[in-house]
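Numbers restart at 1 for each chain; the letters A, B, ... are given by sequence-line order, proteins then strands.
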Amino acid sequence: MQEKIRNFSIIAHIDHGKSTLADRLIQECGAVSDRELEAQMLDSMDIEKERGITIKAQSVRLEYNGHILNLIDTPGHVDFSYEVSKSLKSSEGALLVVDASQGVEAQTIANVYLALDNDLEIIPVINKIDLPSADVDRVANEIEETIGIDASGAILVSAKTGEGIKELLDAIVERVPAPQGNPNAPTKALIYDSWFDNYLGALALVRVFDGEIKKGQEILVMGTGKTHKVNELYYPHPKRKLPTNAIKTGEIGVVVLGLKNVADIRVGDTITDAKNPASEPADEFEEVKSFVFAGIYPIETDKFDDLRDALDKLKLNDSSITYEPETSKALGFGFRVGFLGMLHMEVVKERLEREFGLELIATAPSVTYKVITTDGEEIEVSNPSELPDVSKIEKILEPYVKATILVPDEFVGNIITFLNEKRGIQKKMDYVGDRVLLEYEIPMNEIVTDFYDKLKSTTKGYASFDYEMIGYKEGDLVKMDIRVAGEVVDALSIIVDKNKAEKKGRELIKVMKELIPRQLFEVAIQASVGNKIIARETVKALRKDVTAKCYGGDISRKRKLLEKQKQGKKRMKSIGKVNIPQEAFLSVLKID
Amino acid sequence: MLYIHIPFCQTKCFYCAFNSFQGQTHLKDAYLQALIKQFQHTSKPHKFESIFIGGGTPSLMDISWYNQLFEVIYDYIDDKTEITIEANPNSADYEWIKQIRQLGVNRISFGVQSFNEEKLKFLGRSHSRKDAIRAISNAHKFFDNVNIDLMYSVAIDTKDLLKSDVLLANKLGVNHISAYSLTIEQSSRFNHTHKKDDEEEEIWMIKLLNSFLKQYEISNFGRICKHNLGYWQLKNYIGLGAGAVGFKNNKRFYPHKNIQKYINNPLFAHIEKLDHQDLLYEKVLLGLRSVAGFEWEILPKHAQEKTQELIKEGKLILKKGRVYSTDFLLADAISVYIL
Ligand SMILES: Nc1nc2c(ncn2[C@@H]2O[C@H](COP(=O)(O)OP(=O)(O)OP(=O)(O)O)[C@@H](O)[C@H]2O)c(=O)[nH]1
Ligand SMILES: C[S@@+](CC[C@H](N)C(=O)[O-])C[C@H]1O[C@@H](n2cnc3c(N)ncnc32)[C@H](O)[C@@H]1O
Ligand code: SF4
Ligand SMILES: [Mg+2]
């Protein structure tokens, strides 16, 4: 049986058609009826469907010509590359999907390296060959040139029309190695995903490397040292649960332990037999680390407990978020939440609002700085308002990323100028056909703004971008405060490169001036570094705010309008006498 | 107070979303009967402080029609009752004006909007500059209290145009002007392109009007109209007619808006109940947009604190237990701020 199993992940740059390809494979294997078919059926969250992107990796068990195929669809966006790493740990092969008209992009390269690190068999798949702009030869060339893998065996498919899908399935059976592992050794299974189900409790998705997991078995979770009984087992399927009595060597499956707490089955941990444990755990992998931090506050200040509950619940299904309570003078009680990146932050905020009915304000995202104080102490700061006084700072270290950018050569000039403005240091510049592959080291705080949008707009959408953390370097950084009506608004403080402070300050308060509605009083907005005011704008006082006509029959309507205005005002935050709309707290994202 | 609604118009002006209909005057007798029936079934005060016959276009109804109407209301009028009628310059002729005065009406209000021909066309009005001047002169032969409605913030407005309207009104000697900034209503033919959004010009216009006639509400200048002031003071009033809203204590009454439906059942009214909070909001909102003001006592504690702040800033004043606005133009913003 074991030699009939094929475990593989589908990896690619964002939007190159992984989830659509998964649909075709599922369909071809007859795993769902025609009636059940839908586009990107593995993208099951509302937010995935709406945005047309995959956020969480999904596994499916398929049968094809007497073989068992375990397919894992992964996300393409850089923020979720952790999902790719996890999936690759459970696979022997990877389908490297490349869009036939776009060619190799930044995440294609990044994901190939991940697959190579795991010694996987890579099958290049050139997708979207139905497109008139498809250029298979060029793309095959790029695969060979940029990533140095042989493209002669590439399978040409259209996930849209189904062309080439059979050939691909045959190639998977032929080329992906069967899983190794000893069926007679003690149970050793890697938890590569876990989530919470309202009926079944905490669930672990595992890949069994040795032995098997059986229903009723007493198992040990090696990292926690706790033992549990296996209540139920099933194979993953997009539409239903496929119950089984055992998950055998080389297989993947879902283990139901009847646990309330997902923390008991942490991703990366190993499940083994309680009585006859394995001598060592499965290949560990690094725990995911948050890069980007932002304050998240309920708009209604009495909703703090609700926010805490919502975060606790969300964490069950998204273990990559971290959070701890914080207080802001301007925003009240909230949490400093750690995210994998900007898109992740957006997704988490949206899910909290949607799935838990909360209205939230997010502050500008920040990275984690390391501050060496004059006492020689090192402290980590991910909330700019908590930066110690300048007199106490010896130096500040900031995180850097290695950025990989692929861009058509006509834009190279613009991109280099742009990256210089972002304090980037060029490490590499290679030509790939008529495109250029750039490698830069960039301070991460330059990226947690609207970096990606700007990058896209300077290249008419053609640039692709990937990054990974590489460590800390000393920076020439200062804290810039924003004062509204003379008061420092802590939630608006940012840490910036000293040379950019003045320009940023000026731009920032200009944006804020547009966002803050005129009020009964004139409002001064200032940017300051320490005690020095570096820029100032004024929001003039209102002169007229009243409807012209109000006769007897009209009074209720007027009152309702007023009540609505009042609700609108409630959704703003008041700093002293001044009302600040939510968007103002993210205005730093709108500046260069 | 009594409001009587006349929902008939010759043509529908482009900006108008009032409950008024063209081509329905064949219903006027049935409508009169319905008004009388509603009146008889409504509990009334001993005497009315004020009566307002508004529209629509009340001047489309002839004198014999009013004779029948007044027969039933005479008992509730004395010589202190302020009785206003709205009239359109083209339908209110010399005879009509003369006879309506003889019936006891003592205040007349013309929907002039402007004396500028081009603007009148733009607004879809069916009268001319001449009609307006003639109607006002005729009215002055019989009435002491003559009002005209003007409109500003219309797309084609200029300061010169507005100034000549105001100067002419002043020259004609009206003792009251209602000047409305154009509001774009969803159900009218106008859209935002017909509106001029120029805060500076609006404020300029209000100052100009104020230099001739004293402002006592956002849009009202001159000799105070008791009936209008009653609205801002949230006094009780009876609404008679199709869509004529009435108000008593904490209830608002909404009869059928459709003329035929109203005729079929003039006693029907949808009732809206106002709670304590609703009434508070209305008192503040209305009090601040006019000289009416409101009682300090009605404010909850947090609102009193906010009010104190604005008193310190000189935006409100407290006099004999009442709060007044020093700038009607900020009424909405101030209401939202303190409540
Ligand atoms: N014409 C054509 N369009 C395709 C094909 N495959 C996918 N698409 C389209 O490409 C877009 C992206 O497809 P997805 O399957 O969501 O891509 P993905 O790689 O899963 O994207 P992420 O999960 O966000 O990284 C969708 O609009 C698909 O309909 C194909 O073979 N031909
Ligand atoms: C209730 S209307 C009826 C008066 C009469 N039918 C007339 O128009 O001559 C009273 C006044 O309201 C004003 N008005 C009507 N619709 C308006 C709007 N959309 N914006 C501003 N003022 C308006 C006009 O000045 C009009 O004269
Ligand atoms: S503005 Fe007056 S005359 Fe014109 S349609 Fe409206 S109610 Fe009738
Ligand atoms: Mg996808």
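Contact of B:L285 with chain A is made through the side chain alone, with heavy-atom distances under 4.5 Å. If you measure heavy-atom distances from B:T183 to chain A, the contacts under 4.5 Å come from the side chain alone. With a 4.5 Å cut-off on non-hydrogen atoms, B:D278 touches chain A through its backbone and its side chain both. Residue contact with chain A, scored on non-hydrogen atoms closer than 4.5 Å, involves the side chain of B:Y237 exclusively. Using a 4.5 Å cut-off between heavy atoms, B:F253 makes no contact with chain A at all. Of the atoms belonging to B:L339, heavy atoms from both backbone and side chain fall under 4.5 Å from chain A. For a residue to count as touching a neighbouring chain, one of its non-hydrogen atoms must lie under 4.5 Å from one of that chain's; by this rule B:L288 does not touch chain A. Residue contact with chain A, scored on non-hydrogen atoms closer than 4.5 Å, involves the side chain of B:K315 exclusively.
Looking only at side-chain heavy atoms (C-beta outward), B:E313 and A:L520 stay at 4.5 Å or farther from each other. A:L562 has its side chain out of reach of B:E282: every pair of non-hydrogen atoms, C-beta onward, lies at least 4.5 Å apart.
The existence of a salt bridge linking A:K549 and B:E217 is excluded, since no basic side-chain nitrogen approaches an acidic carboxylate oxygen closer than 4.0 Å.
Within 6.0 Å of NZ on A:K564 lie no more than 12 heavy atoms contributed by other residues, nucleotides or ligands. Other residues, nucleotides and ligands place more than 12 heavy atoms under 6.0 Å from the NZ atom of B:K159. Counting non-hydrogen atoms of neighbouring residues, nucleotides and ligands closer than 6.0 angstrom, the NZ atom of B:K195 exceeds 12 such neighbours. Enclosure of atom NE2 in B:H276 is not indicated, since only 12 or fewer non-hydrogen atoms of other residues, nucleotides or ligands lie within 6.0 angstrom. No more than 12 heavy atoms of other residues, nucleotides or ligands sit less than 6.0 Å from atom NZ of B:K257. Heavy atoms from other residues, nucleotides or ligands lying under 6.0 Å from CD of B:Q186 number 12 at most. Remark: A:E50 CD is packed, more than 12 non-hydrogen atoms of other residues, nucleotides or ligands lying under 6.0 Å away.
B:R252 contributes no side-chain N or O that, together with a main-chain N or O of A:I555, makes up a donor-acceptor pair within less than 3.5 Å.
Listed by first and then second residue, the side-chain hydrogen bond (donor to acceptor under 3.5 Å, both in side chains) pairs involving residues 526-540 of chain A are A:R483-A:S528 (not counting sequence neighbours). Residues in residues 507-548 of chain A take part in these ring pair (Phe, Tyr, Trp, His ring centres under 6.0 Å) pairs, two or more places apart or across chains: A:F521-B:Y337.
Here the CG atom belonging to A:L561 is positioned 12.0 Å from the OG atom belonging to B:S335, to the nearest 0.5 angstrom. Taking CG of B:D332 as the reference point, atom CD of A:Q565 lies at 6.0 Å (rounded to 0.5 Å).
None of B:L330, B:D327, B:L329 except one satisfies the side-chain contact (heavy atoms from CB on, under 4.5 Å) rule with A:L542; the exception is B:L330.
Per-residue counts of heavy-atom pairs under 4.5 Å with chain B were compared for A:Q519, A:R518, A:K558; the largest is that of A:R518. Per-residue counts of heavy-atom pairs under 4.5 Å with chain B were compared for A:K577, A:R543, A:K560; the largest is that of A:R543.
Among residues two or more places apart in sequence or in another chain, the salt bridge (Lys or Arg N to Asp or Glu O under 4.0 Å) test is passed with A:K544 by B:E202.
Listed in order of number, the residues of residues 347-363 of chain A that approach chain B to under 4.5 Å between heavy atoms amount to none.
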